[in-house]
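Heads up, the thing below is written out as structure tokens.
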Amino acid sequence: MTPLREAFDLAAFGGKAVQLGEALRAGLPVPDGYALSAEEVDLIVAGDASAIAELDRIAAMLSGPVAVRSSAVGEDSAGASFAGQHATVLHVEPNTAAIAAAARTVWESGRTESALAYRRKLGVDGLPRVGVAIQQMVDSDCAGVLFSRDPLSGEDVRVIEAAWGLGEAVVAGLVTPDRFRVLRDGRIEERSPGFKDLLIRRSAEGGTEEVPVAEEKVEALCLDDSQLLALHGLATRCEAAYSGEQDIEWAFADGELYLLQRRPITTKGSSI
């Protein structure tokens, strides 16, 4: 089990963990954490005593809830994003049993019929090898996705979708998000309010919950111009670090912007 910034091996840790490690090394605002290789996840799922003991060591160093994200080998590559195919488990309590259970959920999500069908569609043979990224949880005020180029029209313009609370409300299509378009020179071309009648937040019982949004905020824009320009800057920094077109998941918490995940924009699957 490896500090996320030291995850280099795609064949061991999968694309997401390696790219998050690259982002940390590039100084991008990524929540820190750990990478578990596909082999280590297999051992945890199997109840291997040595792997569980190592997970004990990692859990003891965590300071609060974590996000447990899939990082399957081949995931988030230039040819296939696997967006929506593999599970992410949010607000996991920082103890061995909870993290092991979340890792099993992620591991099992790679073996669902829909995930296996997606692999077959892409011509990927064999069972998935699923690594895991464990990151400190960002309890966001608003969150969403950003495309450094319009993924539908191909226009050279930032497309941002946003909603209150955790970004899973946007990614899972639970709300109609606010939509923004920012030109390369930083001019804001579009501000279109969505209909954000629920948000996802941390539950007192652990995990997350869906709650109604106050009526006055349902159609109120959840990003101001300074936040839009910060996201534009983050996209520019990601393009410099990785090159090419970026599909980014982001969050604002207490005024701070965080990069949660990024992948190349692909024509075979994106978050939009």
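Computed over heavy atoms, backbone and side chain alike; hydrogens, waters and symmetry mates excluded. Keep in mind that this is a model prediction, so the values were computed, not measured.
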Neighbour count above 12 (heavy atom, 6.0 Å) for Glu190 CD: yes

Can you hop from Ile248 to Ile160 via hydrophobic side chains spaced under 4.5 Å? yes

Scanning both residues in full, the closest heavy-atom pair of Gly167 with Ala143 reads N-CB, 3.4 Å

Main-chain N/O of Ala51 paired with Glu54 side-chain donor or acceptor, under 3.5 Å: no

Are the charged groups of Glu249 and Arg262 less than 4.0 angstrom apart, N to O? no

Carboxylate-amine/guanidinium contact Asp150 Arg158, below 4.0 Å: no

Given 3.5 Å as the limit, does a donor-acceptor pair link the side chain of Tyr242 with the main chain of Arg237, or not? no

Might you confirm whether atom CZ of Arg184 has over 12 heavy atoms from other residues, nucleotides or ligands at distances under 6.0 Å? yes

Indicate the atoms forming the closest heavy-atom contact of Val170 with Ala162, along with that distance. CG2-C, 4.0 Å

In terms of hydrophobic clustering (I, L, V, M, F, W, Y; side-chain heavy atoms under 4.5 Å; direct or indirect links), are Ile200 and Val171 co-clustered? no

Asp139 with Arg202: basic N within carboxylate O range, under 4.0 Å: no

Answer whether the closest heavy-atom distance between the side chains of Asp141 and Trp164 falls below 4.5 Å. no

Identify, with sequence neighbours excluded, every residue that meets side chain to side chain donor-acceptor pair (under 3.5 Å) alongside Gln135. Arg69

Flag the pair Glu39 and Arg129 as a salt bridge only when some basic side-chain nitrogen lies within less than 4.0 angstrom of an acidic carboxylate oxygen. no

Which pair of non-hydrogen atoms, one from Phe13 and one from Ser71, has the smallest distance, and what is that distance? O-OG, 2.7 Å

Tell me whether Ser109 contacts the main-chain N or O of Ala87 through its side chain, where contact means a donor paired with an acceptor under 3.5 Å. yes

Distance in Å, Asp42 CG paired with Ser37 OG, rounded so as to fall on 0.5 Å steps: 8.0 Å

Nearest non-hydrogen partners of Ala17 and Leu4, listed with the distance: O-CD1, 3.8 Å

State which residues pass side chain to side chain donor-acceptor pair (under 3.5 Å) with Asp9; sequence neighbours excluded, sorted by chain then number. none

Any idea which heavy atoms bring Val138 and Pro31 closest together, and the distance? CG2-CG, 3.5 Å

Stepwise, does the side-chain contact (heavy atoms from CB on, under 4.5 Å) test hold for Leu259 with Trp250? CA-CA 5 Å; Leu259 170 63; Trp250 55 269; 5.7 Å; no

Checking Glu155 against Arg181 for the salt bridge (Lys or Arg N to Asp or Glu O under 4.0 Å) test, could you report, in this order, the C-alpha distance in whole Å, the side-chain angles of both residues, the deciding distance, and whether it holds? CA-CA 10 Å; Glu155 291 177 84; Arg181 287 163 61 90; 3.2 Å; yes

I'd like to know whether CG of Asp224 has more than 12 heavy-atom contacts from other residues, nucleotides or ligands below 6.0 angstrom. yes

Please determine whether residues Ile52 and Val92 belong to a single hydrophobic cluster, defined as Ile, Leu, Val, Met, Phe, Trp and Tyr linked transitively by side-chain heavy-atom distances below 4.5 Å. yes

Asp178 versus Lys196: any side-chain heavy-atom pair under 4.5 Å? yes

Out of curiosity, does Ile58 fall in the hydrophobic cluster containing Val132 (side-chain heavy atoms, cut-off under 4.5 Å, transitive links)? yes

Connected via hydrophobic side-chain network under 4.5 Å: Ile134 and Val89: yes

What distance separates Leu24 CG from Leu20 CG, expressed to the nearest 0.5 Å? 7.0 Å

